[in-house]
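My questions all concern the structure below.
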Amino acid sequence: MRFSITTLGCKVNAYESRYYAQKLEELGFEEADSDLDVCIINTCTVTNTAAAKSRQMIHRARRRNPGARIVVVGCYAQTAEEEEKQKLQADLIIGARHKNELAARVLALMTEDRSADLTSHEEGAGFESMPIARFEGRNRAFLKIQDGCNQFCSYCAIPFARGRERSISRDEALQLVQELEAAGHREIVLTGIHTGRWQGEQGEDLADLLKDMLSVTTDVTFRISSIEITEVTDGLIALLSTEPRMMPHLHIPVQSASNAVLQRMDRPYTVEEFEQRLDEIRRAVPDISISTDVICGFVGESDAEFEEMMQTLRRMRFSFLHVFPYSQRQGTKASRMGPPVDGTIQKERAARLLELSKELRMADMSRFREETVLVEQGENGEYTGYTRQYHPVLIRCDRPLSGRVHGTLRPEDGRYIMEV
């Protein structure tokens, strides 16, 4: 039987899709592009655009594969109203829970015609382990260690879509990193909805987990996909400053750099507190690069607040910005605060932020002339990879490359060129 997976949204969704594919292949399914028996759409609801695209992909799959079973999974599946779900005409819907059952449910769907809608939250349910044995063609592996969110920022629907926070057990996490290293991976990226809120059974935090991971591996390096500024503990900073196998890059979402907007967003810090912590991180880890997420056009964001944000972001010296125009999500606190900023103004502000991101990227890249790069993939004399600070690199070499290479870097158009 043949299947396809369409993935929308974040790196956690990408990880989960890889897991679904692995488990289906273990049951004898074949991933393919045509003549499909099963179409799986891994959905997102972080913005209206993401939700609309999720619906579009579901309807497209039905239209292009009229005889295939349609499986809808993920955040949009969890948050869609009952009437919306009926219009999808899906054979199987899986929300925040039961994701690790997807392959078995698909097999039952194909052999016994057992359709289901599994989108009810189960309070107190634990972390659903989704281990991936091998990331084909890549030296970098991902490990999901956390799910859910308790923060309830005023603009965000993710707590409703993903449920409450929960963590993988320490013992399982340690076993999985050892298996990933044994499979040949050279770098492991820890990921989750709130990666920094991983918590062990005895109250251990992320820094404790990373120390244990370092102790049970020998050569693999570690990277954190994203972390909140309130979760960057003194212990984590100390680990970044002393452990060479911890990659000197953090992605820390600021979302706005105006105190008034941060307050309306219900973010748990001020600009001053954020900047103070950035200074502390950089003093301890001088070669670190720090990137961020920014939302523009939030409810009530004035011209003055936006200009304040532009000035403050430049002062904060991020290595790059992920820019998101604000999207109103039904049921969130912000959806009751008034209309968002006009769409045309949002686009103008997003364009300015993207230009600032290019400036910041080049400024940060200019700090490094030699670096170690983990080769990801390539052919015909050109390879791609990332530096320890997570800047993209194009490597030109007339012989096969793999693993880590060290060389001289030349910044060019938002990436490095390395001749080996």
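Quantities reported herein were computed from a predicted structural model and do not represent experimental measurements. Scope of the values below: all heavy atoms of this structure, side chains included, with no hydrogens, waters or symmetry mates.
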Using a distance-only test with no angle check, is there a side-chain donor-acceptor pair under 3.5 angstrom linking Ser226 and His251? no
For Arg2, is there an ion pair with Asp37 - N to carboxylate O distance below 4.0 angstrom? no
For the side chain of Glu128 and the backbone of Lys99, is there at least one donor-acceptor N/O pair under 3.5 Å apart?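 Answer holds: yes.
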Check the pair His194 / Glu231 against side chain to side chain donor-acceptor pair (under 3.5 Å), numbers first and verdict last. CA-CA 9 Å; His194 260 295; Glu231 299 158 7; 3.0 Å; yes
State whether a side-chain donor-acceptor pair under 3.5 Å links Glu181 with Thr218. yes
Whether Arg264 and Glu301 form a salt bridge (side-chain N of Lys/Arg under 4.0 Å from carboxylate O of Asp/Glu) is what I want to check. no
Are the side chain of Ser335 and the backbone of Gln330 linked by a donor-acceptor contact shorter than 3.5 Å? no
Is it true that a side-chain atom of Ser54 and a backbone atom of Cys44 form a donor plus acceptor pair closer than 3.5 Å? yes
Would you call the rings of Phe324 and His322 parallel, tilted or perpendicular, taking 30° and 60° as the class edges?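 Perpendicular: the ring planes of Phe324 and His322 meet at over 60°.
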For residues His185 and Phe135, establish whether the separation of their ring centroids is below 6.0 Å.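 Distance test on ring centres: under 6.0 Å, yes.
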Just verifying a value: how many Å separate Cys39 SG and Arg60 CZ, rounded to the nearest 0.5 Å?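 Answer for the SG-CZ pair, Cys39 versus Arg60, is 12.0 Å.
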Start with the C-alpha distance between Asn42 and Ser17, add both sets of side-chain angles, then the distance that settles side chain to side chain donor-acceptor pair (under 3.5 Å), and finish with yes or no. CA-CA 7 Å; Asn42 194 355; Ser17 286; 2.9 Å; yes
Tell me if a side-chain donor or acceptor on Thr332 pairs with a main-chain N or O of Arg329 at a distance below 3.5 Å. yes
Evaluate Arg352 against Glu355 for salt bridge (Lys or Arg N to Asp or Glu O under 4.0 Å), listing each step before the verdict. CA-CA 5 Å; Arg352 288 183 60 190; Glu355 284 301 313; over 6 Å; no
Could you grab the distance from atom CG of Asp91 to atom CG of Asp117, nearest 0.5 Å is fine?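 One finds 12.0 Å between CG of Asp91 and CG of Asp117.
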Summary of salt bridge (charged side-chain N to carboxylate O under 4.0 Å, His left out) pairs that have at least one residue in residues 201-212, sequence neighbours excluded: Arg170-Asp212
Below 4.0 angstrom, N of the basic side chain to O of the carboxylate: do Arg162 and Glu16 qualify? yes
Under the 3.5 angstrom rule, does the side chain of Ser357 hit a backbone N or O of Leu321 as a donor-acceptor pair?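 Here the side-chain-to-backbone pair exists.
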Before accepting this row, confirm whether a basic side-chain N of the pair Glu280/Arg277 lies closer than 4.0 Å to the acidic partner's carboxylate O. yes
Hey, is CD on Glu307 packed in by over 12 heavy atoms from elsewhere, all under 6.0 Å? yes
Which distance, rounded to the nearest 0.5 Å, do you find between the CD1 of Ile193 and the SG of Cys149? 8.0 Å
Return yes if a side-chain donor-acceptor contact under 3.5 Å exists between Gln175 and Glu179, otherwise no. yes
Between Met310 and Arg349, does the side chain to side chain contact (heavy atoms under 4.5 Å, CB included) criterion hold? Intermediate values first, please. CA-CA 10 Å; Met310 288 289 291; Arg349 291 178 180 176; over 6 Å; no
Any donor and acceptor pair, going by atom type alone, linking the side chain of Ser327 with main-chain N or O of Asn48 inside 3.5 Å?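 Judged by distance alone, yes, a pair lies under 3.5 Å.
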Given side chains that start at C-beta, do those of Ile41 and Val73 come closer than 4.5 Å, heavy atoms only? no
What class does the angle between the rings of Phe368 and His391 fall in, given that below 30° is parallel, 30 to 60° is tilted and above 60° is perpendicular?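 Aromatic pair Phe368/His391 classed tilted.
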Quick one: does Tyr416's side chain have a donor or acceptor within less than 3.5 Å of a partner on Met365's backbone? yes
Evaluate the side-chain proximity of Val375 to Thr384: yes if any heavy-atom separation is below 4.5 Å, no if none is.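 No, too far: nothing below the 4.5 Å cut-off.
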For the residue pair Phe318 and Phe274, categorise the inter-ring angle as parallel (less than 30°), tilted (30 to 60°) or perpendicular (more than 60°).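 Phe318 vs Phe274 ring planes: perpendicular.
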Which of these passes side chain to side chain contact (heavy atoms under 4.5 Å, CB included) with Leu240: Leu210, Val285, Ile224? Val285
Flag the pair Val177 / Phe222 as yes when at least one side-chain heavy-atom distance between them is below 4.5 Å, and no otherwise.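 Yes, close enough: below the 4.5 Å cut-off.
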Quick one: pull up OG in Ser289 and CZ in Arg282 and give me the separation to the nearest 0.5 Å.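 So the OG of Ser289 and the CZ of Arg282 are separated by 8.5 Å.
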Would you sort out whether Asp147 and Lys144 count as a salt bridge (Lys or Arg N to Asp or Glu O under 4.0 Å), showing the intermediate values? CA-CA 8 Å; Asp147 205 344; Lys144 179 182 168 185; 2.9 Å; yes
Does any pair with a residue in residues 184-193 pass salt bridge (charged side-chain N to carboxylate O under 4.0 Å, His left out), and if so which ones, sequence neighbours excluded? Arg140-Glu187, Arg186-Asp219, Glu187-Arg223
Set out, in order, the CA-CA distance, both residues' side-chain angles and the distance that settles salt bridge (Lys or Arg N to Asp or Glu O under 4.0 Å) for Arg197 and Glu228, then state yes or no. CA-CA 9 Å; Arg197 294 193 186 182; Glu228 294 285 337; over 6 Å; no
Is there a donor-acceptor contact under 3.5 Å linking the side chains of Glu308 and Asn259?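 Per modelled atom types, Glu308 and Asn259 side chains form no pair under 3.5 Å.
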On a heavy-atom basis, which atom in Asp266 and which in Ser154 lie closest, and how many Å separate them?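 The answer is OD2-CB, 3.7 Å.
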For the pair Ser256 (side chain) and Val261 (backbone), establish whether a donor and an acceptor sit closer than 3.5 Å, ignoring hydrogens and angles. no
Heavy-atom closest contact (Ser402 atom, Asn139 atom, distance): C-ND2, 4.4 Å
Going by salt bridge (Lys or Arg N to Asp or Glu O under 4.0 Å), name the residues that satisfy it together with Asp413, two or more places apart in sequence or in a different chain.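 Asp413: no salt bridge (Lys or Arg N to Asp or Glu O under 4.0 Å) contacts found.
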Can you give me the closest heavy-atom contact between Arg404 and Leu374, atom names plus distance?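 Minimum heavy-atom contact is CG-CD1, 3.9 Å.
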Assert yes or no for the condition that the ring centre distance of Phe142 to Tyr15 is strictly below 6.0 Å.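 That pair fails the under 6.0 Å test.
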Considering all heavy atoms of both residues, which atom of Tyr19 and which atom of Pro131 are nearest to each other, and what is their separation? CD1-O, 3.4 Å
Take atom NZ of Lys53 as the centre, draw a 6.0 Å sphere, and report whether it contains more than 12 heavy atoms from other residues, nucleotides or ligands. no
Of all heavy-atom pairs between Leu88 and His59, which one has the smallest distance, and what is that distance? CA-CE1, 4.3 Å
Could you go through Ser129 and Glu172, starting from their C-alpha distance and side-chain angles, then the distance that decides it, and tell me whether this counts as side chain to side chain donor-acceptor pair (under 3.5 Å)? CA-CA 9 Å; Ser129 181; Glu172 183 175 9; 2.3 Å; yes
Are Arg367 and Asp364 ion-paired here, with the side-chain N under 4.0 Å from a carboxylate O? yes
Between Arg166 and Arg164 (side chain of the first, backbone of the second, donor and acceptor by atom type, cut-off under 3.5 Å), is there such a pair? yes
CZ on Phe29 to NZ on Lys23, rounded to 0.5 Å: 13.0 Å
Donor-acceptor pair, Thr217 side chain versus Val220 backbone, under 3.5 Å?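 No; judged by distance alone, with no hydrogens or angles, the pair does not exist.
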So which atom in Asn13 and which in Leu8 form the shortest heavy-atom distance, rounded to 0.1 Å? ND2-O, 2.8 Å
Determine whether the side chains of Glu31 and Ser4 contain a donor N or O and an acceptor N or O closer than 3.5 Å. no
Atom pair OH/CZ of Tyr20 and Arg18 - distance to nearest 0.5 Å: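 It comes to 13.0 Å.
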Within a radius of less than 6.0 Å around CD of Glu359, do more than 12 heavy atoms belonging to other residues, nucleotides or ligands occur?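 Yes, CD of Glu359 has more than 12 neighbouring heavy atoms, counting only those of other groups under 6.0 Å.
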